[in-house]
Amino acid sequence: MASPFARASYLLAAHTPRQLPPDGGAEVAFAGRSNAGKSSALNALCQQNALARVSKTPGRTQQLVYFSLPPHENKYLVDLPGYGYAKVPLALREHWQAFIDQWFQDRFALRGLVVVMDIRHPLKEYDLQMLGYAMRRGLPAHALLTKADKLSRGAAGNTVQAVRRQLSASYGDSIGVQAFSGETKAGVEELRAVVAGWLEL
């Protein structure tokens with residue numbers, strides 16, 4: 001069966017609320033620290049090499065970047081600004097924070113959140129903050145533990161179980177957890193099924 005994401009294409013980048021598409025469709029957001037492999041995950045999901053820019057300089061995404069999913073109208077993937085290594089002025093960082101706070105609270109179309117984390121360094125403060133946003137909104141969330149090819153299969157499995165236990169203690173079973181590799185494409189079908197389910201594709 002053809003992937004519903006294979007024809008994904010760049011739609012717009014929003015720096016302010018008025019630049020967002022109309023709030024009537026369905027969208028899934030991807031968040032992650034600047035070096036977590038978020039662009040690689042989006043590219044693997046959509047079977048494209050350059051849909052999301054993979055930058056050697058982490059922190060390049062400085063807006064909410066929307067990708068449309070033809071032929072599905074008003075269905076979007078949203079790439080959120082990366083944090084961590086992003087060397088940005090404090091005022092810009094504060095602008096992002098306020099914009100994203102508001103977007104998470106008010107965005108009717110939001111159907112779920114994928115939080116991308118390096119499997120070797122999961123559940124940093126930013127990751128927990130983003131998962132907290134989703135839980136407060138009652139949205140489903142999915143912890144995507146990337147770069148699984150950097151660990152042995154056993155070590156990757158142990159990390160998935162440890163992350164699952166920690167999140168379960170705080171949030172029950174409302175957050176999915178999986179290992180993933182943009183390099184080997186391991187876990188891409190599982191991710192595709194989760195996101196397609198949320199978007200009802």
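Minimum heavy-atom separation, Met130 to Ala31: CE-CB, 3.9 Å. Taking both residues in full, the closest heavy atoms of Pro71 and Arg7 are given as CD-NH1, 3.9 Å, listed atom of the first, atom of the second, then distance. Here the closest heavy-atom approach between residue Gln178 and residue Gly187 is recorded as NE2-O, 3.0 Å. Of all heavy-atom pairs spanning Leu131 and Leu113, the tightest one is N-CD2, 4.4 Å. Taking each heavy atom of Asn43 and Ala50 in turn, the nearest pair found is OD1-C, 3.9 Å. Minimum heavy-atom separation, Ala8 to Leu51: O-CD1, 3.6 Å.
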Evaluate the criterion side-chain contact (heavy atoms from CB on, under 4.5 Å) for residue pair Ser40 and Val116; output intermediate values, then yes/no.
CA-CA 10 Å; Ser40 298; Val116 180; over 6 Å; no
Begin with the C-alpha distance, continue with both residues' side-chain angles, and end with the deciding distance and a verdict on side-chain contact (heavy atoms from CB on, under 4.5 Å) for Lys75 and Glu200.
CA-CA 9 Å; Lys75 306 249 174 163; Glu200 298 179 0; 4.0 Å; yes
With side-chain contact (heavy atoms from CB on, under 4.5 Å) as the criterion, how do Met117 and His121 come out once you've worked through the C-alpha distance, each side chain's angles and the decisive distance to 0.1 Å?
CA-CA 7 Å; Met117 316 174 200; His121 315 288; over 6 Å; no
Using side-chain contact (heavy atoms from CB on, under 4.5 Å), reason through Ser181 and Lys147 one step at a time and then give a plain yes or no.
CA-CA 5 Å; Ser181 169; Lys147 308 188 185 182; over 6 Å; no
Hey, mind stepping through Asp127 and Arg33 against salt bridge (charged side-chain N to carboxylate O under 4.0 Å, His left out) and telling me if it holds?
CA-CA 8 Å; Asp127 306 324; Arg33 294 174 75 249; 5.5 Å; no
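In this structure the side chain of Ser170 never reaches within 4.5 angstrom of the side chain of Met135, judged on heavy atoms. Residues Phe180 and Val114 fail the side-chain proximity criterion, which asks for heavy atoms closer than 4.5 Å. Looking at Tyr126 and Val115, their side chains never come closer than 4.5 Å, going by heavy atoms from C-beta outward. Between Gln63 and Pro81 there is no side-chain heavy-atom pair separated by less than 4.5 Å. Annotation: side chain of Val78 is not in contact with side chain of Val65 (no heavy-atom distance under 4.5 Å). Within the 4.5 Å cutoff, side-chain heavy atoms of Arg120 are placed close to those of Lys150. A 4.5 Å side-chain heavy-atom check between Leu12 and Pro21 finds at least one atom pair inside the cut-off. Between Leu80 and Leu64 the shortest side-chain heavy-atom distance falls below 4.5 Å.
Residue pairs meeting the salt bridge (charged side-chain N to carboxylate O under 4.0 Å, His left out) criterion with at least one member in residues 166-190, sequence neighbours excluded, are Glu189-Arg192.
Taken to the nearest 0.5 Å, the CG atom of Leu110 stands 9.5 Å off from the CH2 atom of Trp198. With rounding to the nearest 0.5 Å, the separation of CG in Asp79 from CG in Leu42 is 5.0 Å. Separation of atoms OG (Ser68) and CD (Glu73) is listed at 10.5 Å; rounding is to 0.5 Å. Ser9 OG to Leu69 CG: the interatomic distance, rounded to the nearest 0.5 Å, is 8.0 Å.
Gln166 pairs with exactly one of Val177, Ile175, Leu123 by the side-chain contact (heavy atoms from CB on, under 4.5 Å) rule, that one being Leu123.
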Listed pairs under 3.5 Å, donor-acceptor, residues 152-163 side chains, sequence neighbours left out:
from, atom 1, to, atom 2, distance (Å)
Ser152, OG, Ala155, N, 3.1
Asn158, ND2, Gly154, O, 3.4
Thr159, OG1, Ala155, O, 3.0

Check: residues 22-30 side-chain donor-acceptor pairs under 3.5 Å, at least two apart:
from, atom 1, to, atom 2, distance (Å)
Asp23, OD1, Phe108, N, 3.3
Asp23, OD1, Ala109, N, 2.8
Asp23, OD2, Phe108, N, 2.9
Glu27, OE1, Arg107, NH2, 3.3
Glu27, OE2, Tyr66, OH, 2.7
Glu27, OE2, Arg107, NE, 2.7

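Under a 3.5 Å cut-off, the side chain of Gln47 and the backbone N or O of Ser3 do not form any donor-acceptor pair. The backbone N or O of Leu199 sits nowhere less than 3.5 Å from a side-chain atom of His72 that would complete a donor-acceptor pair.
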